[in-house]
2 protein chains.
Amino acid sequence: MKAGFRVLRSWRHVGAWLLLSLGLGGVVHAQSADSLASWADGPAKARLVTFVKAVTQTGGPDYVPPAERIAVFDNDGTLWSEQPMYVQLAFALDRVKALAPQQPEWKDKQPFKAALEGDMKALAESGEHGLLELVMATHAGTTTEEFTGIVKDWLAAARHPRFGRPYTDLVYQPMLELLVYLRANGFKTYIVSGGGIEFMRPWAEQVYGVPPEQVVGSSIRTKYEVRGGNPVLVRLPEIDFIDDKAGKPVGINQHVGRRPILAFGNSDGDFQMLEWTTAGAGVRLGLIVHHDDAEREYAYDRKSPMGRLDKGLDEASQRGWVVVSMKNDWNRVFGSTGEGGQR
Amino acid sequence: MKAGFRVLRSWRHVGAWLLLSLGLGGVVHAQSADSLASWADGPAKARLVTFVKAVTQTGGPDYVPPAERIAVFDNDGTLWSEQPMYVQLAFALDRVKALAPQQPEWKDKQPFKAALEGDMKALAESGEHGLLELVMATHAGTTTEEFTGIVKDWLAAARHPRFGRPYTDLVYQPMLELLVYLRANGFKTYIVSGGGIEFMRPWAEQVYGVPPEQVVGSSIRTKYEVRGGNPVLVRLPEIDFIDDKAGKPVGINQHVGRRPILAFGNSDGDFQMLEWTTAGAGVRLGLIVHHDDAEREYAYDRKSPMGRLDKGLDEASQRGWVVVSMKNDWNRVFGSTGEGGQR
């Protein structure tokens, strides 16, 4: 074992040497200046750059080894739009319509009736239980591979009601740049979302550069089965885990096993994730996207049913969290010109 | 978004270029010939090397992109010894003794009485329920950080009853070399164990080079709490997930979100993991450590209460899985000379 241990250690040294001597430092440097081009020069960008410089400065007082450079990002409202409704809710509603011919009783049964008629008021009135019933009926019953296909097909066809673009176009350009910037500085970037883990994984790698193993989310149970010699995982109509609020630190611990040093959210659902991240030893950074830009995207906070931000707004200052103003801190919101584009 | 996507893609190309042009290819090559020194030249080593060459040969018919090179390893009996009892069971028994002064009623209450008296027969008779009770009493009630400290302290002091060495010395040298070899060839190596995820994480990085986020295991629930301004995760006496048998593909899907291309186990608890891995498209490799070496380690299979290997032994040949003979395929078992050392 000792010999093996030495082998492992020496290999790590080789790896570090490779990174240092073969110019990755230069690459990181090249990244750091211009790669946050969609961020306005201002306090938010300055805090981000200062933090990254501090934790990556070898020999510096705030240096953090690459293995511990864990950055976690909420998804809905932090990496992509969550208005006028969560994308996954739009998916569920469309899925009810697609499945309705096989479920004739849904025409007269809530919450399905409301979903079929687009009656958002009745849907809201069905409450958490109704929503759960909707999720189970639309997200379970397939294999994991079938579900991946369903999500991909839907995303390819669906369009945002206001912007008329695919939802995966409505990811925030400044956040894409930040993900790249952090990874170029040795960070491992994770998504930690209340949304479904299997709803995000099919596209997160292509859109965000975040591989499936770095996606943490809510989940339903799955069951291993061998069907005619072919092993599959079947999605069951049972909640496994809700990755929201106090669930986020639990989900991070389960998947990552380390406390992050940077957390980025936008709603009170991210409060505990930021609290847990920034309470750790050493320098830490918590950030909140504040949606204050009705022109280019949406303006909402304390009273929004989706992405409500109230406590976070009250406590950000005393906790040292950065409130990122979409209006002032982002030169552009989305990645191409148009309503949300460059100004 | 499109622009951001291009940025991401071009950065990936830069990354690939760095790896290729800056000599990592050469490093991989240097690794491939000699780094499996503890593996005897024979069919098992040949299958491993052939497989790795096939999936890493750019442009070859069996090429697999690095992101999809997922290798999963059982822990007990595959990476380290599981005889005469699972290490985690030895931990639980010692923990009962350490906690007994605060629990005077344990003296007369099973399964604690059996644990305190070292009465393994009575312990076995307490069955699954008794074992569960033992785990809950010894693994819950602390914060995650406290538990990490308890595990580390115990491992530093505990000795294997036969070999008289720390348990972390009794990891298999050929497997350490294989982990390094696979990583040098672009694989991501995961532990997928029936053992507790929080029991393995505190030492897996140092001993195996496997970071906490690549450890999958059984778990109990945790709860986020803020104690006097200090956020903690408290370990609850409730089973969250059992990562064994049909649970292994479920756990892999939950944590990794991709089907592995290589799986290595040693008992029927790994059967479904190997089945799921090797049923995927393209070339796949399933391997089983066969403990047939009573002299250097242990000899057991079909009738062992720990690490029982029966169905896997029957079906390995027809499924194309490699049965690795500890006796014949490994030049050495542990990492230093002595009972299990070089021969």
Side-chain angles (χ1 to χ4, degrees), chain A residues 1-5 7-8 11-12 14 18 22-24 27 35 67 144 168-171 173 176-177 179-180 183-184 188 197-198 201 205-209 211-213 215 219 221-224 226 229-231 233 240 246-247 249-250 253-258 272 275-276 279 334-336, chain B residues 1-5 7-8 11-12 14 18 22-24 27 35 67 144 168-171 173 176-177 179-180 183-184 188 197-198 201 205-209 211-215 219 221-224 226 230-231 233 240 246-247 249-250 253-258 272 275-276 279 334-336:
Chain A
M1 210 290 296
K2 286 282 160 49
F5 192 12
V7 168
L8 289 175
W11 269 98
R12 277 203 210 122
V14 170
L18 268 175
L22 301 183
L24 202 61
V27 172
S35 62
T144 50
T168 46
D169 271 15
L170 302 175
V171 299
Q173 175 64 19
L176 290 181
E177 292 168 10
L179 289 169
V180 171
R183 290 194 291 261
K188 214 165 184 173
I197 188 168
E198 302 290 12
R201 280 172 163 172
E205 187 158 32
Q206 195 185 30
V207 172
Y208 299 134
E213 62 267 31
V215 177
S219 55
R221 287 190 200 282
T222 63
K223 184 174 177 283
Y224 182 77
V226 181
N230 182 32
L233 290 167
D240 177 50
V250 171
N253 185 61
Q254 180 71 5
H255 284 258
V256 190
R258 303 190 205 259
Q272 287 87 349
E275 180 180 56
W276 193 56
F334 303 128
S336 63
Chain B
M1 209 291 294
K2 287 281 158 54
F5 192 13
V7 169
L8 289 174
W11 269 97
R12 278 204 207 122
V14 170
L18 269 173
L22 301 181
L24 202 60
V27 172
S35 61
T144 50
T168 46
D169 271 15
L170 302 175
V171 298
Q173 175 65 19
L176 291 180
E177 293 168 8
L179 289 169
V180 171
R183 289 194 291 262
K188 213 164 185 174
I197 188 167
E198 302 289 12
R201 280 174 164 169
E205 186 158 32
Q206 195 183 32
V207 173
Y208 299 134
E213 62 267 31
Q214 286 161 228
V215 178
S219 56
R221 287 190 200 282
T222 64
K223 183 173 176 285
Y224 182 77
V226 180
N230 182 32
L233 290 167
D240 178 48
V250 170
N253 185 60
Q254 180 70 6
H255 284 258
V256 190
R258 302 188 205 259
Q272 288 86 348
E275 180 180 56
W276 193 55
F334 303 129
S336 64

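None of these values were measured; they are calculated from a predicted model. All chains are named by letter (A, B, ...) in the order of the sequence lines, taking the proteins before the strands, and each is independently numbered beginning at 1.
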Find the distance between [atom1] ([X]) and [atom2] ([Y]) and round it off to the nearest 0.5 Å.
X: B:Thr222; Y: A:Gln254; atom1: OG1; atom2: CD; value: 7.5 Å
X: A:Arg201; Y: B:Arg258; atom1: CZ; atom2: CZ; value: 9.5 Å
X: A:Glu213; Y: B:Lys188; atom1: CD; atom2: NZ; value: 3.5 Å

State, to 0.1 Å, how close [X] and [Y] come at their nearest heavy-atom pair, and which atoms those are.
X: A:Trp276; Y: B:Pro231; answer: CD1-CB, 3.8 Å
X: A:Leu233; Y: B:Pro249; answer: CD1-O, 3.8 Å
X: B:Glu198; Y: A:Asn253; answer: OE2-ND2, 2.7 Å

So which part of B:Val215 gets closer than 4.5 Å to some heavy atom of chain A, the side chain, the backbone, both or neither? neither
Evaluate side chain to side chain contact (heavy atoms under 4.5 Å, CB included) for A:Lys223 paired with B:Val250, printing each intermediate quantity in order. CA-CA 7 Å; A:Lys223 184 174 177 283; B:Val250 170; 5.9 Å; no
